[in-house]
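Let me begin by presenting the structure, written as structure tokens, before commenting on it.
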Amino acid sequence: MRTQSRRTPRVLFAAAAAGTLITPLLAGCSGAGGAGGGSSSHSINVLMVNNPQMVELQKLTAANFTKKTGIKVNFTVLPENDVRDKISQDFANQAGQYDVATLSNYEIPIYAKNGWLHPIDSYVKKDTAFDQQDILKPMTQALTAADGKLYGEPFYGESSFLMYRKDVFQKKGLTMPAKPTWQQVADLAAKADGAEPGMKGICLRGLPGWGEMLAPLTTVVNTFGGTWFTKDWKAQLDAPEFKQATQFYVDLVRKHGESGAAQSGFAECLNDTTQGKTAMWYDATSGAGSLEASGSPVKGKMGYVPAPVDKTQSSGWLYTWAWGIQKASKNPDDAWKFISWASSKGYEKLVGGKAGWANVPAGKRSSTYDIPEYRKEAAAFADVTRDAIANAKPNDPGVQPRPAPGIQFVGIPEFTDLGTKVSQEISSAVAGRESVDSALKKSQKLAEDVAKKYEGS
Amino acid sequence: MTVTTSARVAAATARPATRPPNRMRAWATRAPLLPALVFMIVVTQLPFVATVVISFFDWNALYPKDRHFTGVDNYHQVLSDPDLRQSVWTTILLTVTVVLVSLILGLGIALLLNRKFQGRGVVRTMLIAPFLVVPVAAALLWKHVLYNPEYGLFNGLLHYVGGPQPDWISNTPLLAVEASLVWQWTPFMMLILLAGLQSRDNEQIEAARVDGASDWQVFRYLTLPHLRRYLELGALLGSIYIVQNFDAVFTITSGGLGTANLPYTVYQSFYQAHENGLASAAGVLVVIGSIVIATFALRVVSSLFREEVSRA
């Protein structure tokens, strides 16, 4: 039994993968039929990632949104990798099965360029209650495509900052500057290393993946004056700035970073910080919510400062899960009503009252940070988070002009693959199996191959 | 003469008369199998044909307008990619090591379990357990519960006795993946070899003992030749599954530190690069490779079976 059931999916791995390419065509038929039947009674299909904020939204929709508007919302909720895959298939074929999907600010400009998304400027203009001005500027910028039209509304957003143990720093007589530089952070990491038994100086991601290690590393590269590509698509991975930044990152994590760094991503670092295994952690602002949650052993002991810098004024990244409407959707009006509700000020207050203010999908509206109840709950990190997001420059994150948008990524379709391959090389350097120079030399070649497609365009 | 003609006539008339019922009967007996056959073709053969077709296209999911026929360009690219060649080598290394080590361990455990002792049933069940764990759960278990240098069991035990605190996965990435796979596949080998041992002829062993054969001689000249076909079966089945292993590589190292094997590389070009054409070409090559190896291995095994039969 086992032999049969295991063999088919493994031997025919790619065959099965290709099979899924056909399914959207079949599914498209049933989807169209379903949507046609549903339009008279007002219903929309929403495909979203299974993060806790989305699950909460799913719970609250029927009793609030559907009750008020009469629009029934059918949710499909999947893990991140699956949802990306499903969205790209449905949207690429314009199957129209889903009206609304959660997309990140990496995908929205690319999808928009392919003509897969419905521009929402006209809706935003009419819907004054939505108040687009309240959405943090970098968010609006990141969700605006090259054609100047807006294609998405954020549900929640994050930047990156430095988290540190206030109590440990005090005990060791260390002070964290209000706006630290990376050199200061490296010195502090050396001093805080071993402050408590088993405690390391800093936790930095080393796990391969374009969304894992490369996110913090690219922000370091940006502020050290490096870039992946110049404005005219010359790969710069072996340029002195890129090399210096990578060497700095690898040295820091090898000397004073967590053990097992080459397998540590967000989840592992969160674990290390919660368990008191590290004195500092540079990562997503969303990490603070977990560190300050009730029951966390480090609740109230953490301090938060902006992302460390070198040559730039700020270096935090920008990431958001946003709503996009599929171009082929038959119910764009209803879809907008849903987005307008889910990303509204009112929804944040609803979640705050029902599920607690710590669960509010924050990081997108300036007004969120003026709500007294939210400020009380997130006192330790609210202002630093808002400033980090507000100071992010998605189109100009470094010292030189960029050919594509993105802070911790390069907004081109090839980046997921390029980034993952490069991160595998640098992860080897973090593990001490390869020098930074040879890792970057191989990476440069990969980047040059990608750049060929764009050169002269 | 009349007899023959009448017989011929009878035959001539009988043939068209009896054939349709025969054919219908044949189809009637086959009919219950048809849904399964159709299902098989739909879920395995059609996707494969589609994969072959897609493998001749330059098709990136994120450039839908750019889809065009490129002939064997994808195959050329796959075969000239150093990463991919490296991953072929990794796959071979991973498979050979895991199969050999788990066969040897499985043989040892099977020999021990073949003896009678109290609680044998319980011990057997417990030893089989690793094989029943979902592969991805087993990989997670190894990554976090055992290998993790901060809170893993290995370093916890070492810490207890004051030993060093190595970073297992970073220091020996391929070995770490192999160890977790050996842990999963040893019970499988053990099961096959145990079945072999149970079918051993006890009278033969008794006769050998009477003739004064030592334990080692019994094992070397009776048990091992008897187990040969079981060892070969274990090696063949094990190789087929471990060549395709994805979970352990994906979970423990995310393909980093030189552990990316072929299935992981195919996954990466499909899910990360969205290169449907390239991934399909790599997949087709994997299938061709597997078929060649499987045919070769099966032929070796079946020739050995024949040898055994003729010898008997």
Side-chain angles (χ1 to χ4, degrees), chain A residues 2-3 6-22 81 84-85 88-89 92-94 110-111 114-116 198 206-210 212 258-263 265 268 271-272 275 277 412-414 416-421 423-425 427-428 430-434, chain B residues 43-44 46-48 50-51 53-55 60-65 83 131 143-144 147-152 155 165 167-171 173 237 240-241 243-246 252-258 260 263 266-276 279-284 286-287 290:
Chain A
R2 191 180 167 85
T3 58
R6 281 177 62 92
R7 183 172 177 185
T8 321
R10 293 299 196 271
V11 170
L12 300 175
F13 192 89
T20 56
L21 289 170
I22 304 173
N81 277 338
R84 282 224 157 86
D85 179 38
S88 66
Q89 281 169 13
N93 294 309
Q94 285 294 300
I110 298 172
Y111 277 35
N114 284 344
W116 297 346
L207 183 73
W210 71 278
E212 284 288 356
E258 73 281 10
S259 29
Q263 289 85 46
E268 286 79 8
N271 199 355
D272 281 354
Q275 303 298 324
K277 299 267 187 193
I412 51 172
E414 292 82 2
T416 45
D417 185 44
L418 173 65
T420 302
K421 284 180 176 160
S423 71
Q424 284 174 350
E425 296 296 338
S427 183
S428 282
V430 167
R433 305 175 62 83
E434 194 178 359
Chain B
V43 299
T44 66
L46 288 187
F48 184 69
T51 309
V53 172
I54 292 167
S55 72
N60 186 314
L62 291 172
Y63 289 106
K65 286 165 202 146
D83 276 354
F131 189 59
K143 183 183 179 190
H144 289 286
Y147 285 139
N148 189 295
E150 297 284 359
Y151 48 79
N155 281 15
Q165 298 281 292
D167 182 352
W168 301 94
I169 306 177
S170 299
N171 296 343
L237 292 178
I240 291 173
Y241 301 134
V243 160
Q244 303 153 25
N245 179 273
F246 174 75
I252 295 179
T253 61
S254 303
L257 312 181
V266 173
Y267 159 85
Q268 200 173 331
S269 40
F270 185 74
Y271 282 94
Q272 304 277 359
H274 310 283
E275 291 281 1
N276 297 344
S280 303
V284 169
V286 174
V287 173
S290 302

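Within every chain, numbering begins at 1; the chains are lettered A, B, ... in the order of the sequence lines, protein sequences first and strands thereafter.
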Proximal component of A:E414, with respect to chain B [non-hydrogen, under 4.5 Å]: side chain
Non-hydrogen atoms of B:N171 and A:R433 that approach each other most closely: O-NH1, 3.0 Å
Toward chain B, the part of A:E212 with a non-hydrogen atom under 4.5 Å: neither
Top contributor to chain A contacts, counting heavy-atom pairs under 4.5 Å, from B:D167, B:I252, B:L257: B:L257
Gap separating the OH atom of B:Y151 from the OG atom of A:S259, nearest 0.5 angstrom: 10.5 Å
Shortest non-hydrogen contact between B:K143 and A:Q263, atoms and distance: NZ-O, 3.4 Å
Portion of B:Y147 that has a non-hydrogen atom of chain A nearer than 4.5 angstrom: neither
Point-to-point distance, once rounded to the nearest 0.5 Å, from OG of B:S254 to CD of A:Q424: 8.0 Å
